[in-house]
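This structure is in structure tokens; I'll ask about it shortly.
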Amino acid sequence: LTAVDMTTGTASIRRQLNRSASVALAAIYGDSRALDQASSTFSEIKSASGSLVWVQRMGRDFSATLGYARDYQQQLAPTVPGVNIYHNRGWITLNDQFTKPLGR
């Protein structure tokens with residue numbers, strides 16, 4: 001563990017397709033460089049991720065989310081070859097929102 005110089009950026013856009021459906025795109029980038037490279041295993045780590053998410057409302061209080069993301073990470077070290085990591089992630093989420101007034 002050491003102190004790093006970190007640069008990050010995020011961007012996202014969401015579009016309401018109709019009354020009950022929306023889609024969102026997102027991207028994240030990060031770059032961290034060790035300030036004291038002699039005390040750290042990795043001198044630099046770069047990462048990027050992109051995602052696509054569909055949200056479908058099914059009634060007033062119920063919705064479903066379908067998402068996919070692609071992640072990339074590159075680790076650079078002075079003593080070992082670079083390590084690249086790729087991941088695909090997918091998810092489905094069901095959401096039921098319920099409320100009850102307080103004090104009644």
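Positions are given from 1 along the sequence.
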pair Thr65-Val53: side-chain heavy atoms closer than 4.5 Å: yes
Can you check side chain to side chain contact (heavy atoms under 4.5 Å, CB included) on Asp96 and Asp61, steps first, answer last? CA-CA 6 Å; Asp96 187 15; Asp61 298 326; 4.1 Å; yes
Answer yes if Met6 and Tyr29 sit in the same cluster of Ile, Leu, Val, Met, Phe, Trp and Tyr residues linked by side chain heavy atoms under 4.5 Å apart, and no otherwise. no
The reported gap from OH in Tyr86 to CD in Gln74 (rounded to nearest 0.5 angstrom) is 8.0 Å
Beyond-backbone contact of Met58 with Ser20, side-chain heavy atoms, under 4.5 angstrom: no
Roughly how far apart are Trp54 CH2 and Leu66 CG, rounded to 0.5 Å? 9.5 Å
Quick one: does Ser43's side chain have a donor or acceptor within less than 3.5 Å of a partner on Leu76's backbone? yes
Out of curiosity, Gln75 CD to Ser32 OG, how far, rounded to the nearest 0.5 Å? 9.5 Å
Is any side-chain heavy atom of Val23 closer than 4.5 Å to a side-chain heavy atom of Leu25? no
Evaluate Gln56 against Ser63 for side chain to side chain contact (heavy atoms under 4.5 Å, CB included), listing each step before the verdict. CA-CA 6 Å; Gln56 181 71 47; Ser63 65; over 6 Å; no
Please output the side-chain donor-acceptor pairs of residues 88-95 that fall under 3.5 Å, not counting sequence neighbours, one pair per line with the distance.
| from | atom 1 | to | atom 2 | distance (Å) |
| --- | --- | --- | --- | --- |
| Asn88 | OD1 | Tyr68 | OH | 2.6 |
| Asn88 | OD1 | Arg70 | NH1 | 3.1 |
| Arg89 | NE | Asp71 | OD2 | 2.6 |
| Arg89 | NH2 | Asp71 | OD1 | 3.4 |

All side chain to side chain donor-acceptor pair (under 3.5 Å) counterparts of Gln97, not counting sequence neighbours: none
How long is the straight-line distance from OH of Tyr72 back to OG of Ser47, given to the nearest 0.5 Å? 10.0 Å
Got a sec, which residues hit side chain to side chain donor-acceptor pair (under 3.5 Å) with Asp31, two or more places apart in sequence or on another chain? Arg33
Do Ile13 and Ile28 share a hydrophobic cluster, counting only Ile, Leu, Val, Met, Phe, Trp and Tyr and linking them when any side-chain heavy atoms are less than 4.5 Å apart? no
